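Okay, so here's the structure we're looking at.
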Amino acid sequence: VLGVVAARLVWLQVIDSSNLSTRAESQRTNVATLHAKRGTIYDRNGNILAMSEECQTIYANPRDVSDPSGVSDILVELLGGEKQDYMDLLTMDGTFVYLKQKVDQEVADELKKRLAQAELGGVYYLTDTKRVYPYGTIGAQVLGYVGTDGKGLSGLEYYYDDILTGTDGEMLMETGLDGTPIAGGASQVTKAKNGTDLVISLDIDLQESCEKIITEGVKTYESESGSVMVTDPRTGEILAACSTPLPDFSNLTDPSALNLKTVSSAYEPGSVFKVLTTSIGFDLGLFDSETVYTVPAQVLVGDHYVTDDDGRDYTESMTVREMMRRSSNTAMSLLVQEVIGAERFSEGVARYGIGTKTGIDFPGEIEGIVRTPEEYDGGTAGSMAFGQAVSIPMVQLVRAYGAVANDGVLLTPHFLISKGEQEVSWPEGGRAISAEAANMETDVMRTVVQEGTGKNGRVEGYDIAGKTGTGEQASEDGGYASYDFTASLCGFANADDPSVLVYVGLNHLSQLASASAANLFHDVMSQAVSIMGVKPVA
């Protein structure tokens, strides 16, 4: 007998001592997570767009709950849910169970009060944080949202999750035999490290105006969806951005609402692309704004003839400025096929970054579909001249127009201005065209808004350079769908010293840009110059 006892002691004290020690430690301690505070997101003016506020996570020790039914009744009243769910938790075999996470502080205080009055124990509280958005759904598409685990799931919350997210800590609590935390007992705390604050380029007032305008515009013009992007072309900072449908994270029924369509969806842009076509010719010195060409009523592009929307059935002499004023498709095809040439045109399009990602700091950016010169067929160059046979996300167009406004230099469209105390530098993307070509193109675009298809986009007192576009969209059955357009207007103000660039687009509608997108452009530009403090021209 003594030999058996001795052998057992050797086993317990020597061989299995480490395992027994670990089990004993786990039985006398509970570990609770101390959540790090996620970084705050501010707009360009210091307004808080997203923040983490303190709340309470409520847990229980089932072994210390003497009246599960009574506790469950109060939990249902204050926290909601079903009584049986709480009963299942409060009667389980264990010493630690979460009842509800991220409960508002006021609710948690009332729960604590009610349980104390009823002399019901076994419920405990941990300080926690939850994400709140002071402006509600305004800017929600850009900001995104976080999950219950505190991780970003969409938008900037997702894109900059590693910066916003801190490092959680933990609290190791000593408990009694029944698992109840010992008052004054030993505890070990590893402090949480909070995340980094961000300042982004949005102006929340302009963002709110843009969301209202595009939402109403989609209804008015019976469009499938619409998008707005407002930038400062001198820096690439995005002042406002949205596309419909706008998300409501309290009841997210349409996952597509998470997408910023200017970044994640591709369309054939139509005549807004003519700014690139003409500026490439200006840059190469092949013509200027007053060079005259004889433009026939129709031009053969591949196997098809291209005509103009105005129904012109005769040959006419036009300056390049006049081609742009009336937005002549035949003229653009003629310039690319007979003057610029497919190879030089393709090189110019590539210099504008068309077909490559802009590097915008937002998830889901796509490249679009742009053929290389080796992939061109007989009609590619002539069709691309007026924005067909090419499909791109419109953020590429915004960047290209920004280059025209910025003396020919490409900038990266972006949201982030600073993280913590550190300002973020966004490098230039190279030169698309010369400053001289950019100035010439700007002057032509000014004529389009003053006298041409962009007249409805004019804002009294401001000098605006812009271009409309009505892009036909491909049909699932091949070719182009009848009266299915992407209508847009992109432009900047004031033309000689641009500080605001606006893109407005309506997707899948039956109306031309001059009668739809141009009107919304006027509304957005009016708000942009007012809110951003852009002075009218003298």
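FYI, the numbering just counts along the sequence from 1. What you see is a predicted model; the values in this text were computed from it and never measured. Note: hydrogens, waters and symmetry copies are ignored here, and every other heavy atom, side chains too, is used.
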Indicate yes or no: does Asp149 engage Lys151 in a salt bridge with an N to O separation below 4.0 Å. no
Lys/Arg-Asp/Glu bridge criterion (N-O < 4.0 Å) met for Glu53, Arg131:
no
Sorted by chain and number, sequence neighbours left out, side-chain hydrogen bond (donor to acceptor under 3.5 Å, both in side chains) with Glu365 holds for Thr358
For Asn507 and Glu224, indicate whether the former's side chain and the latter's backbone hold a donor-acceptor pair under 3.5 Å.
no
Sequence neighbours excluded, the answer for side-chain hydrogen bond (donor to acceptor under 3.5 Å, both in side chains) partners of Thr148 is none
Worksheet entry | Note: Lys37-Glu54 ion pair, threshold 4.0 Å (strictly below) | no
Distance col, row Leu501:CG vs Arg399:CZ, nearest 0.5 angstrom, shows 13.5 Å
Taken to the nearest 0.5 Å, the spacing of Asp248 CG from Gln141 CD works out to 12.5 Å
Expected list for residues 212-221: side-chain donor-acceptor pairs under 3.5 angstrom, two or more places apart:
{"from": "Thr215", "atom 1": "OG1", "to": "Glu211", "atom 2": "O", "distance (Å)": "2.7"}
{"from": "Thr220", "atom 1": "OG1", "to": "Glu216", "atom 2": "O", "distance (Å)": "2.9"}
{"from": "Tyr221", "atom 1": "OH", "to": "Asn519", "atom 2": "ND2", "distance (Å)": "2.9"}

Of all heavy-atom pairs linking Gln207 and Cys242, the shortest is NE2-CB, 3.9 Å
Note: Val534 and Ser499 closest approach over all heavy atoms is CG2-OG, 3.4 Å
Could you check Tyr160 against Asp361 for side-chain hydrogen bond (donor to acceptor under 3.5 Å, both in side chains), going step by step and ending with a plain yes or no? CA-CA 9 Å; Tyr160 288 116; Asp361 50 343; 2.7 Å; yes
In short, Leu410 meets Gly353 closest at the heavy-atom pair CD1-N, 4.5 Å
